[in-house]
Amino acid sequence: MASKIDWNQIKEWDKKYLIHANIRGDEYGTVFVDHTEGDYLITPEGRRLLDFCNQLVCVNAGQNVPEIQNAIKDALDRFGFVWDIYTTDYKAELAKMLIEDILGDSGWASKVRFCLGGSDAVETAMHIARLYTRKPLIASRMYGYHGVSAGAVQATRIRESRGIGVDSNERVDPVPGRNYSGTFVCPVPFCFRCPLGQKYPNCKTTNNKGQLARVKMTEEIICNHGVENVAAIITEPALGAGIIVPPDDYLPQIEDMKNRLGILWIVDEVLMGFGRMGEWFGYQAMSDRPVKPDIITTAKGITSSALPLGAVIVNKDIGDYMDSIRWMHVSTFSGHPLPLAAAIANLKYLIAHDAPGQSKKAGEYFRAGLQKMYEKHPSIGLFAGKGMFWEVELVKNRETNEPFFEADRNVSGGEDVSKWPNSIISAKAMEKDVIIKGVAPNSLRIAASCFVTKEDMDKFFDAFDYALSYLEKVKL
């Protein structure tokens, strides 16, 4: 498809008028995208970039699915705008699909509230938890990521993702006046470099309940804050920006803990929901027995990111409570018919094509490929994941797990990011027209659509092999 757009003009406008994410003006550089197809971004020159970031781990069905695109066009013919006090057929049908068709066998899901996207879903979930429990505090975790708005950033524990600025002298400027008092931090299930110095699964033998050391310490921290003050704990099934895949007994132990303490459990499914990890939701894939959250937050995969939409799903007790009050909380665009139509078409597509099953099958092939990379490349210290979400840890020394970049997940963004190992991998993979990225310097977050082909996975491994070979020759 030849582009008729004047891309030189676009570049001029882009550089002159836009506030860009993650770069200063003196670092200006971007990839121009003319259109998208499946797992590919296509540049104005016709270069086909295989996207193994899946954008922001969010295009579950793949790009430009005709059924989704056509549903948006049909809705556009019917509607301009309808706000949230009114009900369209789209809103009622999507709520029914989420509660019955997707979570009907879960035994816990009751009602849904639509919102603007992932950050807004987290804000709404924490709002509901505090309102329902009449308690002020939310327990979060090290390296957790929950969004960009004020309340979501409170729960975010990746330092560089808290809206900081970095000037040309690499000086780090936190946002003045930002209030983090509504949350507190608990340990993360990072077995590869355990912050408690434990080794899995021996960490379970440190107390007579068989608790993981991280869960035991989480419980102690919550109790130290006073259970009477803590509304909920919020967890991701696997850490999306923190890029950590926990053991399968971690989430069940979090459920046991929250039941003992009488607090709520919010599961942030913004990245992991809708087939990504081989089940409809990440908490189902990442648990060695069935568990029941109290609240889950969703976005991204609910529309395969064709349009922005978020949703908060609550259990029956919370749903009954919300029915008992007049909730004075609305948002202009939370009931907009176009993204609701996109979500219905997307879920129908994911159901019809068995997105969880296809993702699980792709994950098995991908795991085998990563095993071959691990055996060949000593710079891989760990790979872990399920379906189409994978963590890869890059190391200087596999025997000691020594990282290339010591600050690891505590970076501020005030460093020369071009020297980060994941940046080096990214640059070399782009030479093969494959997009691979990470957040923390020593880590890669790898994802594709639920329907990625073996041919595209093989193309990824060719580029990954090439990039790792280069990394292992560079002196860092």
Side-chain angles (χ1 to χ4, degrees), residues 106-110 122-144 146 151-152 154-157 180-190 194-196 198 200 203-239 244 246-269 281-284 286-297 312-322:
S106 69
W108 70 269
S110 169
V122 169
E123 296 268 3
T124 301
M126 295 197 300
H127 187 144
I128 290 172
R130 288 172 168 136
L131 194 61
Y132 176 74
T133 63
R134 293 289 190 267
K135 298 177 183 180
L137 299 181
I138 304 290
S140 183
R141 300 177 304 165
M142 295 170 63
Y143 313 137
H146 299 286
Q154 282 188 352
T156 291
R157 294 293 169 171
Y180 300 111
S181 61
T183 62
F184 59 91
V185 66
C186 297
V188 68
F190 189 23
C194 177
L196 302 179
Q198 301 282 337
Y200 181 84
C203 56
K204 291 195 287 188
T205 66
T206 59
N207 58 82
N208 58 18
K209 292 181 182 178
Q211 280 180 295
L212 294 163
R214 286 154 291 248
V215 177
K216 176 63 174 173
M217 190 170 182
T218 297
E219 184 168 351
E220 293 291 333
I221 291 171
I222 291 171
C223 290
N224 183 254
H225 280 80
V227 173
E228 70 279 6
N229 297 313
V230 180
I233 182 170
I234 184 168
T235 69
E236 300 160 89
L239 280 75
I244 295 171
D248 286 352
D249 51 354
Y250 172 77
L251 290 182
Q253 290 200 15
I254 290 293
E255 182 192 37
D256 292 341
M257 180 202 72
K258 72 96 180 176
N259 286 338
R260 280 195 303 275
L261 300 181
I263 65 173
L264 298 179
W265 181 24
I266 303 169
V267 179
D268 185 343
E269 291 277 358
F281 287 101
Y283 79 85
Q284 297 164 329
M286 291 304 304
S287 301
D288 61 7
R289 62 167 171 80
V291 296
K292 295 180 180 180
D294 298 297
I295 304 173
I296 65 174
T297 64
V312 177
I313 302 171
V314 302
N315 68 18
K316 187 176 188 307
D317 288 342
I318 298 172
D320 289 346
Y321 168 75
M322 298 308 293

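Residue numbers run from 1 in the order of the sequence given.
- Residues Gln154 and Ile138 are not in side-chain contact: their nearest non-hydrogen atoms beyond the backbone lie 4.5 Å or more apart.
- A distance of 10.0 Å separates CG in Asp249 from CZ in Arg289, rounded to the nearest 0.5 Å.
- Leu212 has its side chain within reach of Lys204: a pair of non-hydrogen atoms, C-beta onward, lies under 4.5 Å apart.
- Rounding to the nearest 0.5 angstrom, the gap separating the CD atom in Glu220 from the CG atom in Asn224 is 8.5 Å.
- Using a 4.0 Å cut-off between a side-chain N of Lys or Arg and a carboxylate O of Asp or Glu, Arg260 and Asp256 do not qualify as a salt bridge.
- One N or O on the side chain of Ser140 and one on the backbone of Ala155 form a donor-acceptor pair closer than 3.5 Å.
- Ring geometry for Phe184 against His225 counts as parallel: the plane angle stays under 30°, on a 0 to 90° scale with 60° as the upper cut.
- The structure places CZ of Arg214 at 9.5 Å from CD of Gln253, a figure rounded to the nearest 0.5 Å.
- For the atom pair Tyr321 OH and Ile128 CD1, the distance stands at 10.0 Å (nearest 0.5 Å).
- Between atom CZ of residue Arg141 and atom OG1 of residue Thr183 there is a gap of 13.5 Å, rounded to the nearest 0.5 Å.
- If you take CD1 on Ile295 and CD1 on Ile266, they are separated by 4.5 Å, rounding to the nearest 0.5 Å.
- In this structure, the side chain of Glu269 engages the main chain of Tyr283 through a donor-acceptor pair within 3.5 Å.
- A 6.0 Å sphere centred on CE of Met217 holds no more than 12 heavy atoms belonging to other residues, nucleotides or ligands.
- Side-chain contact between Ile234 and His146 is present, with heavy atoms from C-beta onward closer than 4.5 Å.
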Run Ile263 and Thr133 through side-chain contact (heavy atoms from CB on, under 4.5 Å) and show every step you take. CA-CA 8 Å; Ile263 65 173; Thr133 63; over 6 Å; no
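- When side chains are defined from C-beta on, Ile313 counts as touching Trp108, because their heavy atoms get closer than 4.5 Å.
- Between Ser110 and Ile318, the closest side-chain pair of non-hydrogen atoms is not below 4.5 Å.
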